[in-house]
Participant: 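Here it is, the structure in full.
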Amino acid sequence: MSSLSLKATAVGSLPHNNPSDALDLIFENFSDIPFWPQLAAVDKKEDMTIQYIQGVPGIKFNSKEEKYYCDPQSDEFFTELEEFFLDYESIVTEKELSSLTKYAITPPYSSAITDFLSRLGGYDYAKGHVIGPFTWGTSLCDADLKCSFYDETFRDVLVKAITLKAVWQIQEFKKSSQNIKPIIFLDEPVLSQYGTSAFVTVQREDIVAAISEIAQAIRDFGGMCAVHCCGKADWSLLIDSGVDIINFDGYAFSKSLGLYSSAIRSFLNNGGYLAWGMVPTLDKAALQDADVDSLTKLFEESLSYLTEKGIEQNLIIRQSFITPSCGAGGLSVELAQKAMRLTVELSRKLSEIYEVI
């Protein structure tokens with residue numbers, strides 16, 4: 001299996017309204033780590049807060065307000081809950097997978113994943129994704145607008161649901177390509193808000209426990225667990241959660257890693273990876289102006305923030321790969337295509353500079 005060093009992949013969302021066009025872009029460019037795209041332009045159910053609700057007890061749709069909410073007090077929820085926990089125990093603990101199809105991701109919640117899987121043969125790596133437990137638990141609320149993360153029972157449901165969605169992807173990837181190494185990203189944009197007044201009562205250990213449970217199951221089934229956060233964050237929280245990969249906005253927030261240099265050094269020495277989000281997808285003007293030379297210079301400056309803290313450059317390079325800073329779903333198709341191409345071009349140029357084969 002090839003090394004991940006300075007390889008390229010992407011965060012997930014694209015603006016295309018045609019799944020085949022999106023997949024053509026992915027497979028033409030991301031030959032090392034292809035990913036399946038979230039295409040909310042095809043169907044709103046591909047929004048990451050909705051995309052993973054299939055089979056999850058207690059989630060309902062308010063047709064008047066056109067939004068999903070959780071109802072952890074209903075009799076229906078407790079009836080569904082028993083079966084859900086039995087399924088989880090059977091699948092995750094006993095590795096008995098007969099009920100795993102109940103937690104598949106299928107149309108209309110993903111218009112591209114079936115075709116993606118059909119194209120996946122022969123790859124060493126493939127990237128899938130789920131929503132992170134903190135982001136989901138603070139975005140999905142009950143009828144009284146209380147975040148579900150604050151409900152201990154429903155938080156446990158969300159963690160286990162995310163785990164089952166991750167395991168389903170891993171198993172499907174392996175059906176497509178027997179020797180593949182699945183990489184599952186937990187998308188956690190709201191994690192950058194942890195510690196602010198909005199979530200002052202959230203306990204660190206609850207976030208760590210939630211991510212840890214998912215990460216452990218992903219590894220148990222032969223995958224690698226990544227967390228994507230496109231803002232500043234307490235990176236030690238993710239390291240303590242036992243994830244394999246930290247994906248951060250390297251374009252805007254590389255300096256924030258230096259604040260955790262000791263923890264980052266240990267993380268890399270223990271086999272962890274940094275996924276540098278070096279191509280700006282959250283700043284359209286910056287993306288329009290960006291080219292591979294300017295991004296190479298920025299990466300080298302960003303790299304120095306860690307080497308100046310005493311982390312060996314060769315260690316960082318060996319344990320790094322390249323992504324856009326965030327998803328590209330909010331861009332035009334033209335700009336999204338540029339972002340994808342730049343990500344791959346940057347990966348190749350850095351591989352040449354640092355002599356990574």
Side-chain angles (χ1 to χ4, degrees), residues 1-4 9 12 33-36 51-52 54-57 81 83-105 113 117 120 123-137 155-188 191 205-228 237-247 266-275 319 321:
M1 180 171 287
S2 61
S3 167
L4 279 173
T9 192
I33 316 173
F35 63 96
W36 62 270
Q51 189 163 49
Y52 307 101
Q54 290 171 285
V56 184
L81 192 62
E83 181 179 345
F84 176 77
F85 280 140
L86 287 172
D87 285 344
Y88 181 86
E89 180 72 17
S90 174
I91 294 165
V92 176
T93 303
E94 300 171 7
K95 305 294 190 297
E96 211 299 303
L97 305 179
S98 59
S99 58
L100 185 57
T101 54
K102 292 160 61 175
Y103 305 98
I105 306 167
I113 196 167
L117 292 169
L120 200 54
Y123 287 88
D124 286 343
Y125 299 94
K127 174 193 170 288
H129 40 82
V130 288
I131 189 170
F134 186 60
T135 294
W136 207 10
R155 181 171 70 237
D156 192 33
V157 168
L158 294 183
V159 169
K160 287 175 167 51
I162 292 166
T163 302
L164 292 171
K165 300 293 180 179
V167 170
W168 178 81
Q169 290 178 65
I170 290 170
Q171 295 303 113
E172 293 300 309
F173 289 2
K174 289 184 175 182
K175 289 178 186 177
S176 299
S177 189
Q178 184 176 1
N179 296 319
I180 204 165
K181 188 71 171 181
I183 305 173
I184 306 297
F185 274 51
L186 279 60
D187 292 329
E188 280 283 22
L191 196 62
E205 55 264 33
D206 289 336
I207 301 175
V208 169
I211 295 174
S212 294
E213 181 173 338
I214 300 165
Q216 186 59 56
I218 289 172
R219 279 194 299 275
D220 286 348
F221 280 86
M224 299 175 70
C225 178
V227 173
H228 162 75
L237 184 154
L238 297 181
I239 294 170
D240 291 346
S241 300
V243 303
D244 303 297
I245 301 162
I246 296 173
N247 181 212
S266 297
F267 175 67
L268 298 175
N269 276 318
N270 289 328
Y273 283 85
L274 297 176
Q319 299 300 122
F321 57 100

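All of these numbers come straight from a predicted model, not from anything done at the bench.
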Participant: Roughly how far apart are Leu117 CG and Ser177 OG, rounded to 0.5 Å?
Facilitator: 11.0 Å
Participant: Give me the atom names and distance for the closest heavy-atom approach of Lys165 to Ala104.
Facilitator: NZ-O, 3.3 Å
Participant: I'd like to check Asn179 versus Lys174 (side-chain heavy atoms, cut-off strictly below 4.5 Å). Are they in contact?
Facilitator: no
Participant: Could you give the distance from CD (Glu172) to CD1 (Ile113), rounded to the nearest 0.5 Å?
Facilitator: 7.5 Å
Participant: Would you mind reporting whether Ile91 and Glu96 have side-chain heavy atoms less than 4.5 Å apart?
Facilitator: no
Participant: Mind running side-chain contact (heavy atoms from CB on, under 4.5 Å) on Tyr123 and Ile33 for me, showing each step along the way?
Facilitator: CA-CA 8 Å; Tyr123 287 88; Ile33 316 173; over 6 Å; no
Participant: Any donor and acceptor pair, going by atom type alone, linking the side chain of Arg219 with main-chain N or O of Gly242 inside 3.5 Å?
Facilitator: yes
Participant: Nearest 0.5 angstrom please: Phe173 CZ to Trp168 CH2, how far?
Facilitator: 8.0 Å
Participant: So if I apply the side chain to side chain contact (heavy atoms under 4.5 Å, CB included) rule between Ile214 and each of Ile162, Leu158, Leu164, which one comes out positive?
Facilitator: Ile162
Participant: Please find the pair of heavy atoms, one from His129 and one from Trp36, that lie closest to each other, and give the distance.
Facilitator: NE2-O, 2.8 Å
Participant: Would the distance check show the side chain of Ser212 and the main-chain N or O of Val208 forming a donor-acceptor pair, the cut-off being under 3.5 Å?
Facilitator: yes
Participant: Is the number of heavy atoms from other residues, nucleotides or ligands under 6.0 Å of Gln178 CD greater than 12?
Facilitator: no
Participant: Looking only at heavy atoms, which two atoms of Leu268 and Gly272 are closest? And how far apart?
Facilitator: CD2-O, 3.4 Å
Participant: Could you tell me whether the side chain of Ile211 reaches within less than 4.5 Å of the side chain of Glu188, counting heavy atoms only?
Facilitator: yes
Participant: Heavy atoms, side chains only, cut-off 4.5 Å: are Thr163 and Val92 in contact?
Facilitator: yes
Participant: Could you give the distance from NZ (Lys127) to CZ (Phe185), rounded to the nearest 0.5 Å?
Facilitator: 5.5 Å
Participant: Please determine if Lys160 and Glu89 form a salt bridge, counting it only when a charged side-chain N lies under 4.0 Å from a carboxylate O.
Facilitator: no
Participant: Measure across Gly55 and Phe84 and return the closest heavy-atom pair with its distance rounded to 0.1 Å.
Facilitator: O-CD1, 4.0 Å
Participant: Are any non-hydrogen side-chain atoms of Arg155 and Asp206 less than 4.5 angstrom apart?
Facilitator: yes
Participant: Under the side-chain contact (heavy atoms from CB on, under 4.5 Å) criterion, do Leu100 and Gln171 qualify, and how do the steps go?
Facilitator: CA-CA 9 Å; Leu100 185 57; Gln171 295 303 113; 3.8 Å; yes
Participant: Walk me through whether Thr135 and Leu191 qualify under side-chain contact (heavy atoms from CB on, under 4.5 Å).
Facilitator: CA-CA 7 Å; Thr135 294; Leu191 196 62; 5.5 Å; no
Participant: Which heavy-atom pair separates Asp244 from Phe267 by the least distance, and what is that distance?
Facilitator: O-CZ, 3.5 Å
Participant: What are the two closest non-hydrogen atoms of Gly222 and Pro182, and how far apart are they?
Facilitator: O-CD, 3.6 Å
Participant: Atom CD1 in Ile184, atom CD1 in Ile218: separation rounded to 0.5 Å?
Facilitator: 6.0 Å
Participant: Please report the C-alpha distance between Thr9 and Ile183 in whole Å, then the side-chain angles of each, then the deciding distance to 0.1 Å, and finally whether the side-chain contact (heavy atoms from CB on, under 4.5 Å) criterion is met.
Facilitator: CA-CA 10 Å; Thr9 192; Ile183 305 173; over 6 Å; no
Participant: State the CD-CD1 distance between Gln319 and Ile246, to the nearest 0.5 angstrom.
Facilitator: 12.0 Å
Participant: Between Lys181 and Asp124, is there a side-chain N and carboxylate O pair less than 4.0 Å apart?
Facilitator: no
Participant: Dump the intermediate steps for side-chain hydrogen bond (donor to acceptor under 3.5 Å, both in side chains) on Asn247 and Tyr273, then the final yes or no.
Facilitator: CA-CA 8 Å; Asn247 181 212; Tyr273 283 85; over 6 Å; no
Participant: Is the shortest heavy-atom distance from the side chain of Cys225 to the side chain of Ile245 under 4.5 Å?
Facilitator: no
